[in-house]
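Here's the structure, in structure tokens; my notes come after.
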2 protein chains.
Amino acid sequence: VIEFDGVGRTYPGPPPVHALQPTTLTVRKGEFVAVIGPSGSGKSTFLNITGLLDRPTAGTYRLDGMDVDTLGESERTALRGRRIGFVFQAFHLLSHRTAVENVMVPMAYAGVARRKRHRLALETLRHVGLGHRAQAMSNQLSGGERQRVAVARALVTRPSLLLCDEPTGNLDTTTAGSVLELLDGLHRDGQTVVVVTHNPDVAAHTQRRLLIQDGHVHETTQGALA
Amino acid sequence: VIEFDGVGRTYPGPPPVHALQPTTLTVRKGEFVAVIGPSGSGKSTFLNITGLLDRPTAGTYRLDGMDVDTLGESERTALRGRRIGFVFQAFHLLSHRTAVENVMVPMAYAGVARRKRHRLALETLRHVGLGHRAQAMSNQLSGGERQRVAVARALVTRPSLLLCDEPTGNLDTTTAGSVLELLDGLHRDGQTVVVVTHNPDVAAHTQRRLLIQDGHVHETTQGALA
Ligand SMILES: Nc1ncnc2c1ncn2[C@@H]1O[C@H](COP(=O)(O)OP(=O)(O)OP(=O)(O)O)[C@@H](O)[C@H]1O
Ligand SMILES: Nc1ncnc2c1ncn2[C@@H]1O[C@H](COP(=O)(O)OP(=O)(O)OP(=O)(O)O)[C@@H](O)[C@H]1O
Ligand SMILES: [Mg+2]
Ligand SMILES: [Mg+2]
């Protein structure tokens with residue numbers, strides 16, 4: 001479903017930063033992949049290109065066999081809305097909307113009736129342990145609560161491709177475990193899950209691991225950085 | 001140095017949230033304390049009161065023997081600038097300033113010459129492994145790089161009270177270890193360090209642990225939540 005063919009990304013700066021070196025790899029439908037590596041190594045850059053949030057400066061990215069770099073911005077946005085769920089490393093919630101309103105956002109363009117959107121959003125919030133905070137304004141939530149709202153928002157449409165950028169960094173071990181169970185649940189439904197993580201428990205859990213160091217992507221069997 | 005006498009915090013909402021239950025405890029000069037507990041349990045609330053960023057709605061907080069709740073805002077701000085270093089859970093960097101400019105900020109009011117401030121800031125950035133990104137705009141840094149800039153900014157004045165709100169949540173194990181070494185370094189100098197953390201390695205490292213659950217603060221010998 002994800003095909004990188006010499007895909008690279010250099011940020012202009014100045015100075016230029018070679019955040020992702022030309023990379024060729026494939027992720028097949030239904031895989032559960034962890035992406036690990038040191039801070040600053042290129043993991044978010046890799047995930048942003050995969051999620052159509054950024055474009056490569058080298059090579060070709062094919063999503064579901066389609067060369068997405070040739071698509072216009074509105075086509076990419078529409079494709080992203082239909083197919084991809086994304087948990088941002090910095091959450092990016094709407095701060096003056098409630099938790100449940102934030103989780104409802106991805107469904108707004110899918111033609112789902114408001115009452116049903118609200119019910120699904122509330123249900124997904126309960127799955128991340130935030131049923132009791134559904135009506136709270138998102139800027140009145142703790143760091144880990146905001147992170148869980150971001151996770152719920154990414155999961156609520158049961159996307160065929162879920163991309164998570166460090167979804168447990170602000171969570172205690174128990175709460176992180178319940179988030180991992182939700183990712184599992186989506187994976188068991190046959191969806192594709194890619195999770196960038198510094199959490200060794202999450203990295204050990206997946207069938208496949210990519211290690212990124214200085215923008216170079218390697219397959220690895222090692223569960224986490226020492 | 002930190003005395004909580006029935007200190008509590010209720011957020012009005014609505015609905016009211018009893019984020020911190022009336023708490024009586026003491027932290028002495030030179031202690032190294034970890035604060036652990038589930039997401040949403042009240043840890044940031046506890047730390048914000050300790051760091052003069054928030055006021056209790058019950059009880060009295062004495063810092064260095066002084067009843068700080070009776071001080072006006074500008075006195076509290078001055079006290080905070082002189083005595084406290086704070087690593088925010090959400091970093092709160094100036095996005096259109098460089099990494100080194102961000103780290104220089106706490107020294108601006110201490111009458112330190114600009115050249116020396118720049119040198120100290122650069123040195124501290126090297127200690128968090130970011131010497132090579134000193135001139136980068138902070139909104140062009142990775143999540144973990146921003147976190148490390150926030151750590152450097154809190155450390156650069158060698159404050160007598162360092163308060164860290166989950167300073168390693170976006171860091172791989174190795175980089176997190178080097179941040180922990182910096183906290184150690186300050187502690188060895190005789191300063192007081194309080195670190196809110198979900199990282200069991202950090203929690204196991206300190207001599208003292210406070211566990212917060214539903215706003216209730218307990219002393220614990222257990223290194224981390226299971
Ligand atoms: N401004 C606010 N208004 C209302 N409720 C708030 C506000 N800030 C925090 N809360 C609530 O108070 C409780 C404690 O929040 P706090 O940020 O202290 O938790 P925490 O232990 O730091 O959690 P985390 O580990 O997720 O960062 C949470 O239920 C949170 O939703
Ligand atoms: N907009 C940008 N302009 C210039 N450089 C950037 C930009 N965004 C990221 N970088 C740099 O590119 C490199 C890779 O960044 P990236 O965010 O992909 O790292 P990461 O592996 O996700 O790190 P972390 O684990 O800290 O989140 C870093 O050196 C970073 O400073
Ligand atoms: Mg990142
Ligand atoms: Mg917090």
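Chain letters run A, B, ... following the sequence lines, proteins first and then strands; every chain starts at 1. Atoms considered below: every heavy atom in the structure, side chains included; atoms not considered: hydrogens, waters and symmetry mates. Everything numeric in this text was worked out from a predicted model, so none of it was measured.
Residue contact with chain A, scored on non-hydrogen atoms closer than 4.5 Å, is absent for B/Arg146. Residue contact with chain B, scored on non-hydrogen atoms closer than 4.5 Å, involves the backbone and the side chain of A/Glu145 alike. In this structure, chain A has heavy atoms under 4.5 Å from both the backbone and the side chain of B/Ser39.
B/Arg55 has its side chain out of reach of B/Ile49: every pair of non-hydrogen atoms, C-beta onward, lies at least 4.5 Å apart. Inter-residue side-chain proximity for A/Val149 and A/Leu130 is flagged as met; some heavy-atom pair is nearer than 4.5 Å.
A salt bridge between B/Asp54 and B/Arg9 is present, with a side-chain N of the basic residue lying under 4.0 Å from a carboxylate O of the acidic one.
Between A/His187 and A/Phe32, the ring-plane angle classifies as tilted under the 30° and 60° cut-offs.
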